[in-house]
Amino acid sequence: MMGLQIAGRRSPAAMVAAGGLHRVHGRLFMNGASEAACLYTQQGKKGTNQDAMLVWENFASRNDTIFCGVFDGHGPFGHMVARKVRDSLPLKLYTEWTGNISSQNSPRQNGFDPSNMDSEEVASTSIDDEWGKSVEVDTNEKPPEMYLTIKQSFLKAFKLMDKELKLHPTIDCFCSGSTAVTIIKQGEDLVIGNIGDSRAILGTRDTDNSLVAVQLTVDLKPNLPREAARIQQCNGRVFALQDEPEVARVWLPNNDSPGLAMARAFGDFCLKDYGLISVPDISYRRLTEKDEFIVLATDGIWDALSNKEVVEIIASAPTRGTAARALVDCAVRSWRLKFPTSKIDDCAAVCLFLEPPKNDCNSLGSTSQSETIKDDVHEYATSKTQNSSLVDSYTGLDTDEIVPVPDDPKQDKLQERSKSTRSLADCISTSEDDECIGSLEKAGKSMSKSLQVASVAVVSPEETTENSSLPKGDMWSVHKFGGTCMGTAERIQNVANIILGDPSERKLVVVSAMSKVTDMMYNLVEKAQSRDVEYISALDAVYEKHMLTAKQLLDGDDLVRFLSQLQNDISDLKAMLQAIYIAGHATESFSDFVVGHGELWSAQMLSYVIRKSGRPCSWMDTRDVLIVNPTSSNQVDPDYFESEKRLEKWFTNEPADTIIATGFIASTPKNIPTTLKRDGSDFSAAIMGSLIEARQVTIWTDVDGVYSADPRKVSEAVILRTLSYQEAWEMSYFGANVLHPRTIIPVMKYNTPIVIRNVFNLSSPGTMICHQPGSRNGDEESSGSCVRAFATIDNLALVNVEGTGMAGVPGTASAIFSYVKDVGANVIMISQASSEHSICFAVPEKEVKAVSDALESRFRQALGAGRLSQVEVIHKCSILAAVGQKMASTPGVSATLFDALAKANINVRAIAQGCSEYNITVVLKQEDCVRALRAAHSRFYLSKTTLAMGIIGPGLIGSTLLDQLRDQAAVLKEKFNIDLRVMGITGSRTMILSESGIDLTRWRDLQKEKAEEANLDKFARHVHGNHFFPNTVLVDCTSDSNVANHYYDWLCKGIHVITPNKKANSGPLDRYLKLRTQQRKSYTHYFYEATVGAGLPIISTLRGLLETGDKILSIEGIFSGTLSYIFNNFKGTRTFSEVVAEAKEAGFTEPDPRDDLSGTDVARKVIILARESGLKLELSDIKIANLVPEPLRSSSSAEEFMRELPNFDGDMSKQQHDADAAGEVLRYVGAVDVANKKGIVELRRYSKDHPFAQLSGSDNIIAFTTMRYRDQPLIVRGPGAGAEVTAGGVFSDILRLASYLGAPS
């Protein structure tokens, strides 16, 4: 019975502390065997081995207890998940189990309390309560009481395991997970816990004593009724793809991904809210003397073999220790027969034998014999992988589990051994001699006829003779180093260090010629065919460069051999160049022969450097291997079949773990040297990676990866950590410095990832280009933008062919592009109106004249007859492309892009977008290209919203604004993604300009040090002319009408305007209307909140009322802070002149107080509000009560005015006393009477309880009387004067503009 006494129990922590899990006695997780069990895993052809397995004898320190499990990972990080579950789940089960046993004295010692489980557990485990339905047991048999305890332990351990994965800091389990089928056997009791589609079966004897298979677990597929019901209840979907109708999958509610083919799994948290669970299906079985063994295996086994076949294979194995290996080998053979076009899946199997070993040739008799079996299995694995470091020792490293599947069964024959010394592993090899094959066939006579056929077929003599010795698969990594990486001796040594540091079992390295050498070689050909004798000295320079580099890298015999070969090559080149010189012409094959030598020399030098370090290495002239068919002057198509045959032949003669191959060069089917054209080395690496089915191709360059935009044009461009093949393809087509589009084609066949890395910055992870990137975390994904990157192509022309005669006429487009093809022009983009009235397309600027001439000649008759109206050419164009794989499923991407371009005042000439929607392409003026790129990049949150600002008038308000910008700039950039760059500051006499932004901590010093003569037109051109900043704003902090007169021109040019200057909005009505009309019909903004009320929200409040449909009746307010202060303090016995003098002393008035007392400033604010309300009034229409005594209006100076003002105090004092006697106060107000269409500025009396009478200091107050606020006006009150609040109002307008332009609000 389960629950025997625990002897010498140790905690999991103690186990690990004692030397690590891999040192725990009785714990097996690599290929091997013990007296009770054997286990074996083999990597398939789909990539990294994602299967894991475990046998743990004396589990939980119980002598009669054993734990077994197999774990099948899936997704990008499935191998990591499976191994994490293998290592952690048993420990959690151990902890929970021992904890439950130690608490058996509690009231519920023999069971578990459902109240201790959350609702999710109860709901999920209720489907497992019928404990016997998933296995073939006697339904009258009742499990022991301790089964409930261990069931509770299973449930808790699985739950904790899933939680740990969810919170794991380095394993991304969002779209990755693992199955688990686990058993605990204690004595005669067996408990099975299962999630996923791995399987456990029992080999037992029936009533006729025949060996039969009993399935212990249910394959938890999504189409099981109970699983499907749960998934659908959680809004998940269950269905199969058309090309896999038998494979039911779990899908997200609104997205056809990830399509998981199981209903329960660890990890896969993208589906955990939609019905996927990690609650195990738990069952119990009481073992009998008829039960012989249990097999746990991943679906790689069950997809190829039936339960019956598995039982027969295990029973027929030569020994117990080789049973798991025999099962995996047979499964691999069956895969090749049943699924010849499919990649073999990973396979893992654990065999647990229930009977004690017998003392015969098929048993494991002692511990030493067990160790011998383990050694034999490892010896065999070592020979299979050609002394791979993966199986050097039994140290517990995860990589030791991986035994790659060979491409074909044929391998080199093992050395002949005598019968007495043959290892047990030899007897089950798939590629041994006939004697070994015979031993398996003899042992397998009891297997089914179909399985016997399968076993013979996979080792037939015909296939044996055809198989190749070239290993393929994840053991290979491919590196490509470009000319910059190979530019000097120091850099070549650095490349060698990178190769030596790569832990991959096998490496194939593709190298370019040294930096500039390819150009030098092309120059040799050009000089020779132009009969320039300087080709001889140019060739000497090539020799000198390589000779000096070799002397720095090599010594001894290696240096002698390389220099000898170099000298021979130079002699051959000299003879070839002389022939070209005499002929005055070089054929393409002659040119390719000359140019390809740079790669030969760099590959040879690097191979010598690696050998010098003690690492065996061979170098490959890829002209002997790569065969291509030229299709045009600048393109070739690889012949993969012939190239693979030649590679296998080359490897037979030059077997090596490290191969240095030449990039760029190849041969034609007739063995004529050729090249893969420009960017050919990348193409070479991709082809080689495809031929050997490498795990990864790494392209080493001088940048940290692929940027979201050209960093020379967008300084905020970020590194993209992942890209899909399609995204990289689109970006490279549109000019991004990624890869040539053809480079991606070879690796897509095997889903081989390409990684772009910086050879000068090894700490940078670079950019991975793969089939479908997993979770996109990190810098560039922080926004979650569906647009991954932007690319541009310059120097294009747009050709537009239009006419009514094109509509409905078949063949028009065909005729146009056939003539474009005839002149050899490259069409970059095509756009056609659905009305068929026009077709436009972009071609390189250098080719447009030939295209235009050809079309006009061809369609001369149609043009003359009017069927075509024109063949128009628009010069100096550029293309901007937005690229992203998710754009197709994201609404509003196009709208966001075009909105960003419109707000940057950029006109789009043509648009193109395919139905796949991997890119959106627009054609625009070349002069707008950089601004458009920055505007689009900024709008999709890949960089900051940048405003290029020009500050006009660094006086009191302007200087205060500059100081506020200085203090707040860092916060805005960090928290709000707003980058405010002051590109210039100008006054009336001097100005300072900057190309990247003025340092606002020193702007006053810079005014003195670097000022130049002020020129407003030059100032505006400078601020707006910087193409690196798409958005430009000029901030006018003056009160100058001359500056205000420029607003209209600035708006027409796409320059935003912000100002507290009242002159434009209160000036001539026709100029004001013209200004507002221009602003409304464009995406250019004009903000002037600070013209009325300084920092108070007067304009925005008025607009809000009008835009929401309210009707303005009147607006009344105290708009002058100066006059508010004066009349707030003009009371009692104080005279008017005394209060004015006090206000002037305190700095509340203008230098000449008459500017305030005249009421003109108030009148300007009244006219602004009147015009905002829809009244078309001139300033002259406003009746103004001038507080300056008429005799003093002509005073020569402010000082004279102040001296004479006391002489006129009598009139003002009388008005004040009369008001006071009536219980009222005097206030100087401005009013807009909308109903009567007039405005007025005057001195009015208000009762002392009126809101206007409650002011203090220099506050402003404005009352809006509307249809909604008729009985109680809407009042806005606050400081309405002073440099700080006015500058703050302007600053607020700047931030509002940034928000309109795409900054997060």
Side-chain angles (χ1 to χ4, degrees), residues 706-718 730-738 787-800 826-831 840-848 872-884 887 893-894 896-913 919-940 942-948 979 981 983 995-996 1021-1032 1053-1056 1082-1084 1301-1302:
V706 181
Y707 283 87
S708 55
D710 189 339
R712 296 167 298 181
K713 299 176 180 178
V714 181
S715 58
E716 297 87 0
V718 297
E730 296 285 350
M731 289 180 64
S732 58
Y733 177 81
F734 286 104
N737 187 21
V738 185
V787 176
R788 305 301 312 289
F790 296 88
T792 59
I793 305 177
D794 294 326
N795 301 314
L796 300 177
L798 194 64
V799 180
N800 182 41
N826 181 28
V827 177
I828 308 295
M829 186 212 78
I830 304 170
S831 180
C840 68
F841 54 93
V843 297
E845 185 79 57
K846 63 183 180 181
E847 299 172 359
V848 71
E872 180 187 14
V873 175
I874 304 171
H875 296 279
K876 297 182 179 178
C877 292
S878 291
I879 278 179
L880 169 66
V883 176
M887 295 196 304
V893 177
S894 299
T896 304
L897 174 63
F898 294 123
D899 183 64
L901 297 178
K903 288 182 175 179
N905 202 41
I906 293 166
N907 184 39
V908 175
R909 302 304 302 261
I911 306 165
Q913 179 179 6
N919 83 76
I920 301 173
T921 305
V922 298
V923 180
L924 34 78
K925 293 180 182 177
Q926 187 165 316
E927 63 189 55
D928 293 335
C929 185
V930 176
R931 279 198 305 122
L933 175 62
R934 292 184 64 90
H937 193 275
S938 172
R939 187 56 179 273
F940 283 92
L942 296 172
S943 65
K944 298 174 178 63
T945 298
T946 306
L947 279 178
D979 186 4
R981 304 281 188 94
M983 311 301 292
E995 293 295 332
S996 58
R1021 284 196 305 272
H1022 170 80
V1023 176
H1024 186 53
N1026 193 322
H1027 294 295
F1028 285 95
F1029 304 104
N1031 305 302
T1032 304
K1053 294 176 181 177
I1055 303 174
H1056 307 288
S1082 68
Y1083 275 91
T1084 309
L1301 295 175

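A quick note: this is a predicted structure, and the numbers were derived from the prediction, not measured.
- Note that the NZ atom of K876 and the CD atom of E845 stand 8.0 Å from one another [nearest 0.5 Å].
- Checked by atom type, the side-chain pair N919/E730 shows a donor-acceptor distance below 3.5 Å.
- Considering only heavy atoms from C-beta on, R788 stays 4.5 Å or farther from V883 through its side chain.
- Judged purely by atom type and a 3.5 angstrom limit, R981 uses its side chain to pair as donor or acceptor with the backbone of S996.
- Using a 4.5 Å heavy-atom cutoff, the side chains of Q913 and S894 are in contact.
- At least one donor-acceptor pair under 3.5 Å links the side chain of E847 to the backbone N or O of N826.
- Put simply, the side chain of I879 does not reach to within 4.5 Å of the side chain of T792, judged on heavy atoms.
- Scanning all heavy atoms of the two residues, the minimum distance from R931 to I906 falls at C-CD1, 3.8 Å.
- Summarising the geometry, atom CZ belonging to R1021 is positioned 10.5 Å from atom CD1 belonging to I1055; distances are rounded to the nearest 0.5 Å.
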Exercise. V843 and L796: side chain to side chain contact (heavy atoms under 4.5 Å, CB included), yes or no, with the steps?
Worked result: CA-CA 6 Å; V843 297; L796 300 177; over 6 Å; no
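- The two residues A948 and V1023 make their nearest non-hydrogen contact at O-CG1, 3.9 Å.
- With values rounded to the nearest 0.5 angstrom, I920 atom CD1 is found 9.5 Å from I911 atom CD1.
- Atom CD1 in I828 sits 11.5 Å away from atom CZ in F841 (nearest 0.5 Å).
- With contacts defined as side-chain heavy-atom distances shorter than 4.5 Å, the pair M829/S831 qualifies.
- No hydrogens or angles considered: nothing links the side chains of T1032 and H1056 as a donor-acceptor pair under 3.5 Å.
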For this session: Apply side chain to side chain contact (heavy atoms under 4.5 Å, CB included) to the pair V799 and E872, showing each step before the final yes or no.
Result: CA-CA 6 Å; V799 180; E872 180 187 14; over 6 Å; no
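- A salt bridge links D794 with K713: the distance from a Lys NZ or Arg NE/NH1/NH2 to an Asp or Glu carboxylate oxygen falls below 4.0 Å.
- Taking CG of D928 as the reference point, atom CG of L933 lies at 12.0 Å (rounded to 0.5 Å).
- When every heavy atom of A717 is checked against every heavy atom of S708, the shortest pair comes out as CA-OG, 3.6 Å.
- For the pair V922/F898, a side-chain contact is recorded, criterion being any heavy-atom separation below 4.5 Å from C-beta on.
- For M731 against Y707, the heavy-atom pair with the smallest separation is CE-O, 3.6 Å.
- When all heavy atoms of A882 and V787 are compared, the closest pair comes out as CB-CG1, 4.0 Å.
- The main-chain N or O of N795 is found under 3.5 Å from a side-chain atom of Q926 such that the two form a donor-acceptor pair.
- Between C929 and L880, the closest side-chain pair of non-hydrogen atoms is not below 4.5 Å.
- Looking at heavy atoms from C-beta onward, L924 lies in side-chain contact with S878 at the 4.5 angstrom threshold.
- Counting only heavy atoms from C-beta outward, the side chains of V873 and L798 never approach each other to under 4.5 Å.
- One N or O on the side chain of H1024 and one on the backbone of K1053 form a donor-acceptor pair closer than 3.5 Å.
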